[in-house]
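Scope of the values below: all heavy atoms of this structure, side chains included, with no hydrogens, waters or symmetry mates.
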Amino acid sequence: MTIVINLVVSVLVIILLQYLGMIIFSWMTPFRDMEELKNGNVAVALALGGKFMATAIILGVAAFTNTSIWFMMLWFAVGYVCLVAAYWIFELVTPGFTISEHLKQGNVAVGIMLCMVFIGTAFAISSLII
């Protein structure tokens, strides 16, 4: 019975952290992600999908490598901060334009690149989670 309770609690914490991660990412953009999705903005969909995948990668590795929910949450937080930093670093190394403006305009190239930045960062950071 204890195993079932631990599994249910772990799954609920994972869902909560994934949702929280997506909310925080949505606060980082000056536009409403869901409105852009409703309007068919592929660039925003790619960036949002990359954010979701990246948080899931970090969360999955944190859950797999830690037997304690608290350590899983701690390592997720560390990884998540790195994802947020990757976004701002990407913004800094593209001084000719603002990423969020190009995403809102539907620039698919920027959406793909940002998606890959998130996923690549997640894989790299996940290798550090112990």
Side-chain angles (χ1 to χ4, degrees):
M1 184 64 169
T2 304
I3 293 172
V4 173
I5 292 171
N6 285 341
L7 181 62
V8 169
V9 169
S10 295
V11 169
L12 290 175
V13 169
I14 286 170
I15 291 169
L16 178 68
L17 288 174
Q18 182 73 28
Y19 183 68
L20 181 63
M22 296 312 293
I23 288 172
I24 293 169
F25 269 130
S26 73
W27 291 340
M28 290 172 43
T29 53
F31 52 83
R32 301 187 66 108
D33 293 328
M34 291 304 142
E35 282 298 315
E36 292 299 319
L37 286 178
K38 287 178 193 174
N39 293 333
N41 188 327
V42 176
V44 170
L46 286 164
L48 194 59
K51 293 171 190 176
F52 188 86
M53 179 66 85
T55 56
I57 290 167
I58 289 177
L59 194 48
V61 172
F64 181 74
T65 58
N66 292 283
T67 56
S68 162
I69 289 177
W70 297 111
F71 281 119
M72 176 190 73
M73 290 170 41
L74 173 70
W75 280 110
F76 173 72
V78 169
Y80 190 80
V81 167
C82 292
L83 287 178
V84 170
Y87 174 82
W88 293 113
I89 290 169
F90 186 57
E91 185 78 67
L92 286 173
V93 299
T94 55
F97 64 93
T98 304
I99 293 170
S100 58
E101 287 178 15
H102 279 267
L103 289 175
K104 187 164 173 47
Q105 294 170 4
N107 187 332
V108 175
V110 172
I112 291 171
M113 186 62 196
L114 187 57
C115 179
M116 294 299 113
V117 165
F118 282 127
I119 293 172
T121 301
F123 277 116
I125 296 305
S126 291
S127 68
L128 301 174
I129 296 175
I130 52 171

Original post:
Side chains of Leu48 and Met34: closer than 4.5 Å at any heavy-atom pair?
Top reply: yes
Original post:
For residues 83-92, which residue pairs qualify under side chain to side chain donor-acceptor pair (under 3.5 Å), counting only residues two or more places apart or in two chains?
Top reply: none
Subject >> Test log, rule side chain to side chain contact (heavy atoms under 4.5 Å, CB included), inputs Met113 and Leu46 >> reply: CA-CA 9 Å; Met113 186 62 196; Leu46 286 164; over 6 Å; no
**OP:** Kindly indicate whether the side chain of Thr55, heavy atoms from C-beta on, has any atom under 4.5 Å from the side chain of Phe76.
**Re:** yes
Original post:
Under 3.5 Å, is there a donor-acceptor pair between the side chain of Ser68 and the main chain of Trp70?
Top reply: yes
Original post:
Would a 4.5 Å heavy-atom cut-off, applied to side chains only, mark Asn66 and Trp75 as touching?
Top reply: yes
**OP:** Output the distance between atom CG (Leu74) and atom CD1 (Ile69), rounded to the nearest 0.5 Å.
**Re:** 13.5 Å
Original post:
Same hydrophobic cluster for Phe118 and Trp27, using side-chain heavy-atom links shorter than 4.5 Å among ILVMFWY?
Top reply: yes
**OP:** Mind running side chain to side chain contact (heavy atoms under 4.5 Å, CB included) on Val110 and Gln105 for me, showing each step along the way?
**Re:** CA-CA 10 Å; Val110 172; Gln105 294 170 4; over 6 Å; no
Subject >> Side-chain heavy-atom pair Phe90, Leu114 within 4.5 angstrom cut-off >> reply: yes
Original post:
Is the closest side-chain heavy-atom distance between Asn107 and Phe97 below 4.5 Å?
Top reply: no
**OP:** For Glu36, check side-chain hydrogen bond (donor to acceptor under 3.5 Å, both in side chains) against everything at least two apart and list the hits.
**Re:** Asn41, Lys104
Subject >> Residue that, paired with Cys115, satisfies side chain to side chain contact (heavy atoms under 4.5 Å, CB included) out of Ile112, Ile119, Val117 >> reply: Ile119
Original post:
Should Lys51 and Leu83 count as side-chain neighbours, where that means a heavy-atom distance under 4.5 Å?
Top reply: no
Original post:
OH of Tyr80 to CG of Leu17: how many Å apart, nearest 0.5 Å?
Top reply: 10.5 Å
**OP:** Calculate, to the nearest 0.5 Å, the distance between atoms OG1 and CD1 belonging to Thr121 and Ile57 respectively.
**Re:** 10.0 Å
Original post:
By the rule that ILVMFWY residues connect when side-chain heavy atoms come within less than 4.5 angstrom, directly or transitively, which residues belong alongside Leu12?
Top reply: Val4, Val8
Original post:
So do the side chains of Phe31 and Val44 get within less than 4.5 Å of each other, counting heavy atoms only?
Top reply: yes
